[in-house]
Amino acid sequence: MKPSHHLTNVFFYFLVLFLIPLTKVNGIGLEFGIYGYELFLKENQTKGPLEVPNWDFFSQRWSRVFRNDGYLNRSSGESGFVGLKDKNNRNQIHWDLDAKLTTGPETGLRNYYLGKNHFLGYKSKMFFLGVGRREHLFSPKSFSSQYDGGEGLFLEIKPESNLTFQLMIWDFYSGSLLLSKDQFHGLLRNETSSEFSTSEKKNDGFRRSHHRRHSFGIHYGESNSLRLGVHYMELGSFGPNTKDHPSETKKNSADGDSIFSGNIGFGIQWEHLSFEFDFLWCKGSDRTRSQIAETPGIIPIAGEAFQVGTELKLGDFKLRNSHFLSDTAETNQNHQIVKEGYVSMGTHPSQTPYLSQIFRIFPSAAVTESGYEKNLALIEGRAFGYLTELVLSYQYQQVIVKLIGNYFVPYHEHGLLDGRIHFQKRQFEKFFVSEGMLEVALKDEEGFELGVGISQLYLPESMGIRSNFGYVYGRYQI
């Protein structure tokens, strides 16, 4: 089907949906949405070597084919969802439901997605015991679209109106996926070539029944707030970098990899200006027989990072600037790893489509829905470095205009790495990934929203890659 036909279908389906005279059913909110997109990506053969030899388009063998041959990808399509929302209570039973059924894998989506909160529980005067997905109130707040939450059994204690203790008793962590962070994730992964498969597909043979996470956090305050969170995650066989110690995996189906992590931060809000800061850390171990480990049989994990965010509000204008900076791994003179650096959890921090979804390059190692990962690649990259996001938005009545810029630069990978956070320019690669995005949306108080966005990718000329992306969407909530 031609690209224009895809976009025509999107508008037609949404028009029919908007004209249907629907009303609320027993207080339960229904939500409908349709997305249309077009992606253009072209790679030109380059005779010279890559500017950064360790980096490539993809981390699997397919990257060699891509680097040696010219490549053109132009695809368009549409996807949709129907969702249910309901937040209510009956006596001491409280629920907050938010789930979406989608058009499925054929359109690059999972069959369903949960919202930030989707739970049922029992509430007394001071505590709430629930089951389902619950947002971490103590998560870092510097990036407005970043999200992390538990999926399982949780307990909340609220001795005062502005003080909350959260305990995630058992969390079946799966990357805290949201539809808004995954709707364009599969665009470059729906290739017929068996070489071009993501780590998600590579991991299908792994048993994931052994991984779990436990979390505890404190949130104090309202406009001015303090937060503290700690997590313990037993990785089991969750990810490509975990199940690699034969004697242990044969006996226990996993080799004991685990991560203990946390964050401490605060937020300050004035009349027109707000400021957020979080210090993040992690410790753990990656048991391995790889020769890249300095200590035979194990690679320690000990990393730090920080996030900073500021937001300025002037009338109908809003300007937000966010920063994330991690440490590096530590290596010896033989280029063996002495310790790994910071490992993040939750969704990607930024909100532009290339960095957060189409390529999805995390600015550190990460535990995603595919498990514990670290690699140097444009698609599904997990590399230590610096990420910044600048968002300028303007609202005039029902029209919202957003200009968003993202910039990521990794640390260099040559020579000795000391495992520290660096601010000097010489510690980073000349190579970078950046993106500019414009979105215009119409949103009314009745639950109707219609928007269009375009995004441009910027890479060094030595990569020989040009790409731009456009999308339209519509939502209707009743």
- Query: Are F119 and F154 close enough that their ring centres sit under 6.0 Å apart?
  - Reply: yes
- Derivation of the side chain to side chain contact (heavy atoms under 4.5 Å, CB included) call for Y113 and D182: CA-CA 9 Å; Y113 292 86; D182 202 52; 2.5 Å; yes
- Salt-bridge criterion met for R360 and E380 (N-O under 4.0 Å): yes
- Message: For R227 and N263, which I'm curious about, is there any donor-acceptor pair between the side chains at under 3.5 Å?
- Response: no
- Query: Are H412 and F428 close enough that their ring centers fall under 6.0 Å?
  - Reply: no
- Task: Assess the pair F359 and Y354: is the distance between their ring centroids shorter than 6.0 Å?
- Result: yes
- Query: Would you say the ring centroid of F138 lies under 6.0 angstrom from that of H231?
  - Reply: yes
- Message: Q166 and side-chain hydrogen bond (donor to acceptor under 3.5 Å, both in side chains): which single residue from H136, K158, E156, H219 fits?
- Response: E156
- Least distance between heavy atoms, M168 atom then G150 atom: SD-CA, 4.3 Å
- Message: For S434, give me all partners under side-chain contact (heavy atoms from CB on, under 4.5 Å), at least two apart in sequence or on another chain.
- Response: Y407, F432, Y458
- With L153, which residues qualify under side-chain contact (heavy atoms from CB on, under 4.5 Å), at least two apart? L129, I169
- Item | Heavy-atom pair with the smallest gap, counting every atom of S142 and G309 | OG-N, 3.5 Å
- Query: At their closest point, which heavy atom of S467 faces which heavy atom of Q456, and how far apart are they?
  - Reply: O-NE2, 3.1 Å
- Interatomic spacing from OG in S261 to CD in E304 - rounded to 0.5 Å: 12.0 Å
- May I ask you to check whether D96 and H94 show a side-chain donor-acceptor distance below 3.5 Å? no
- Message: Checking side-chain polar atoms at under 3.5 Å, does R212 have a donor or acceptor matched by the opposite partner on H214?
- Response: yes
- Item | Among S139, S176, S344, side-chain hydrogen bond (donor to acceptor under 3.5 Å, both in side chains) partner for D148 | S176
- Message: Taking the ring of W281 and the ring of F306, is the distance between their centroids below 6.0 Å?
- Response: no
- Query: Between F184 and Y471, is the gap from one ring center to the other below 6.0 Å?
  - Reply: yes
- Message: For a quick check under 3.5 Å, do E389 and N406 share a side-chain donor-acceptor pair by atom type?
- Response: yes
- Item | Steps toward side chain to side chain contact (heavy atoms under 4.5 Å, CB included) verdict (E135, Y147) | CA-CA 8 Å; E135 182 177 9; Y147 168 80; 3.6 Å; yes
